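Just so it is clear, the model here is predicted, and its values are computed rather than measured.
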Amino acid sequence: MPVPVPLGTEDRTARVTLRRPDSWQREDVAQADLRVTGDDVVITVRSRPSDRAIGDENGSLLDRLPGSVDGLLLVGCDVWGSVGAPARLVEYVRPDAGRDDGHEDTDGPGDIVGAHLLFVTGRHRVDVTVERPLARLDDTDDVVFAVLDSVRAVGQVSATSPRELEPLPDAAAPAEITGARLGHEALTTLTSMAGKRWSPTLLRTPGGRALVEAGLVSRFGTVPATTQELLDPWSGDAQPTTLEQHLPDGRVSRLQAWSGTVVDAPDDTVSVVTRLAAERVVAVAAGRLGVGPEWTFPFRTETLRADLLGRRLAGGDDAPDLPAAIAEADPRLARFWAAPWTVSYLRRPGKPRPITIVHADGIGFARVGRTEAGASAFSAESPANVYRSLVRAFLQTA
């Protein structure tokens, strides 16, 4: 369970109150009702007159955010119930403006993760944004959400929550990784070079000739500095973080990341090898998983027979139907079960069990938990929490 966070100071504007740690500082800034900073967290409150419904205002926000910063990724949208007014929480990540191609780390602040709490009162729209470095996501999550939980609308609220939720935009298309395209033999030859001097005899092998054609080795056997950088993580026994995905059409793809070196194998025939900053790897993995705004509702069923779930995860023609009794009692799970599945395994160095995430096309995510006494935990998961799993796996182990 989250550790309780002491929030000793209350800040108030004409539209909102919130509580925050005593050590954080209130700042006077133009074009904002309130600005508070502390522990690399920046909170900004703005308000303006509006009589629009929460669904309309949220739709406008979701349309505007991706175009506000090139490469901004929407990672979640949820109904927020503690404000005392109709509210939505939109989570997003905007890339470091100082990193132009994502291939190298810079001295900038890195990517920024944001939580945008939007609510309407019937007379006003209020925006509470909380931003912090992506690298400190785990460190600051408890205090950020404690502050968000403390936000309350001030004054009369005439707006009401709609009976139906507004439609959400589709997830952004996955980003492509560019780099040297290598077949299996060429990749094996490249990895065998790690920590060793180049052997001219490799030029006479198909794998060696493919490396020359890809520009990773010169025709005279010289190994460029850029290739040496690719090889550095392979010179020891370091294991990669791997996103392995089993797609509905039967294909299996793997995205492997060491410290700065990435091998992307969309199928069994070719791999793309390149240098890529850890934050860009997270963004690519999020796109592959289909992370984006999706409404998340819990299943009524908390566990399933391990053999039944295992066969459904394996896919193929032998994938079982959900037992009728469960389908009747849990319509949400039935819809999830019937949709095409992409099953993703997030394998981390030193961790014996992978994180298993299921994405049901057009519906959302679920997470496979532990198996005890023949029953496996299976629960709906929000896109934002799926994204957090990627951050912990790829960024915090980089």
Side-chain angles (χ1 to χ4, degrees), residues 5-69 72 74-94 109 111-134 136-137 139-161 166 293 384:
V5 178
L7 304 177
T9 300
E10 181 179 89
D11 288 305
R12 175 180 290 265
T13 73
R15 313 284 171 230
V16 67
T17 65
L18 61 82
R19 304 193 67 85
R20 43 87 173 178
D22 293 334
S23 60
W24 293 10
Q25 300 299 311
R26 180 166 179 163
E27 301 177 358
D28 292 325
V29 295
Q31 299 180 334
D33 301 351
L34 174 67
R35 172 72 58 83
V36 175
T37 60
D39 298 327
D40 293 328
V41 178
V42 179
I43 302 174
T44 305
V45 179
R46 294 184 175 90
S47 64
R48 60 177 173 80
S50 173
D51 60 0
R52 301 174 73 197
I54 186 62
D56 296 330
E57 291 287 11
N58 189 46
S60 296
L61 175 64
L62 293 172
D63 287 342
R64 176 179 59 82
L65 272 176
S68 62
V69 176
L72 183 141
L74 294 171
V75 299
C77 180
D78 291 290
V79 174
W80 198 254
S82 60
V83 174
R88 301 288 185 265
L89 181 71
V90 175
E91 295 186 75
Y92 61 88
V93 180
R94 56 181 176 86
D111 288 4
I112 299 296
V113 60
H116 190 130
L117 177 58
L118 165 70
F119 68 88
V120 297
T121 66
R123 289 183 144 187
H124 292 88
R125 161 187 168 145
V126 181
D127 298 85
V128 181
T129 59
V130 185
E131 293 194 332
R132 56 249 166 82
L134 180 62
R136 297 209 59 203
L137 178 68
D139 297 340
T140 55
D141 245 6
D142 285 346
V143 67
V144 164
F145 278 88
V147 171
L148 290 171
D149 279 335
S150 77
V151 173
R152 297 292 184 273
V154 171
Q156 182 179 359
V157 175
S158 59
T160 58
S161 297
E166 62 275 14

**Asked** More than 12 heavy atoms of other residues, nucleotides or ligands under 6.0 Å from CG of Asp63: is that the case?
**Response** yes
**Prompt:** Excluding sequence neighbours, so at least two apart, what forms side chain to side chain donor-acceptor pair (under 3.5 Å) with Arg152?
**Reply:** none
**Complete:** side chain to side chain donor-acceptor pair (under 3.5 Å) filter on Ser150, not counting sequence neighbours, yields none
**Prompt:** Should Phe119 and Val157 be marked as a side chain to side chain contact (heavy atoms under 4.5 Å, CB included) after you check the CA-CA gap, both sets of side-chain angles, and the distance that decides it?
**Reply:** CA-CA 10 Å; Phe119 68 88; Val157 175; over 6 Å; no
Main-chain N/O of [Y] paired with [X] side-chain donor or acceptor, under 3.5 Å:
X: Arg19; Y: Gly8; answer: yes
X: Asp22; Y: Thr9; answer: yes
X: Gln25; Y: Ser23; answer: yes

**Complete:** Contacts of Leu72 meeting side chain to side chain contact (heavy atoms under 4.5 Å, CB included) (sequence neighbours excluded), chain-then-number -> Leu65, Ser68, Val69, Leu74, Tyr92, Arg94
**Request:** Output all residues satisfying side chain to side chain contact (heavy atoms under 4.5 Å, CB included) with Ser50, sequence neighbours left out; order by chain, then residue number.
**Result:** Arg48, Arg52, Glu57, Arg125
For residues 76-87, which side-chain N or O atoms pair as donor and acceptor with protein atoms under 3.5 Å away, sequence neighbours left out?
unit_1, atom_1, unit_2, atom_2, d
Trp80, NE1, Ser82, OG, 3.3

Heavy atoms only: give me the nearest [X]-[Y] pair and the separation to one decimal.
X: Glu166; Y: Asn58; result: OE2-ND2, 2.8 Å
X: Arg46; Y: Ala32; result: CG-CA, 4.1 Å
X: Ser47; Y: Asp33; result: OG-OD2, 2.6 Å

**Prompt:** Could you give all pairs that pass the side-chain hydrogen bond (donor to acceptor under 3.5 Å, both in side chains) test and reach residues 34-45, with sequence neighbours left out?
**Reply:** Trp24-Asp39, Glu27-Thr37, Arg35-Thr44, Asp40-Arg136
**Prompt:** Are the charged groups of Arg15 and Asp127 less than 4.0 angstrom apart, N to O?
**Reply:** no
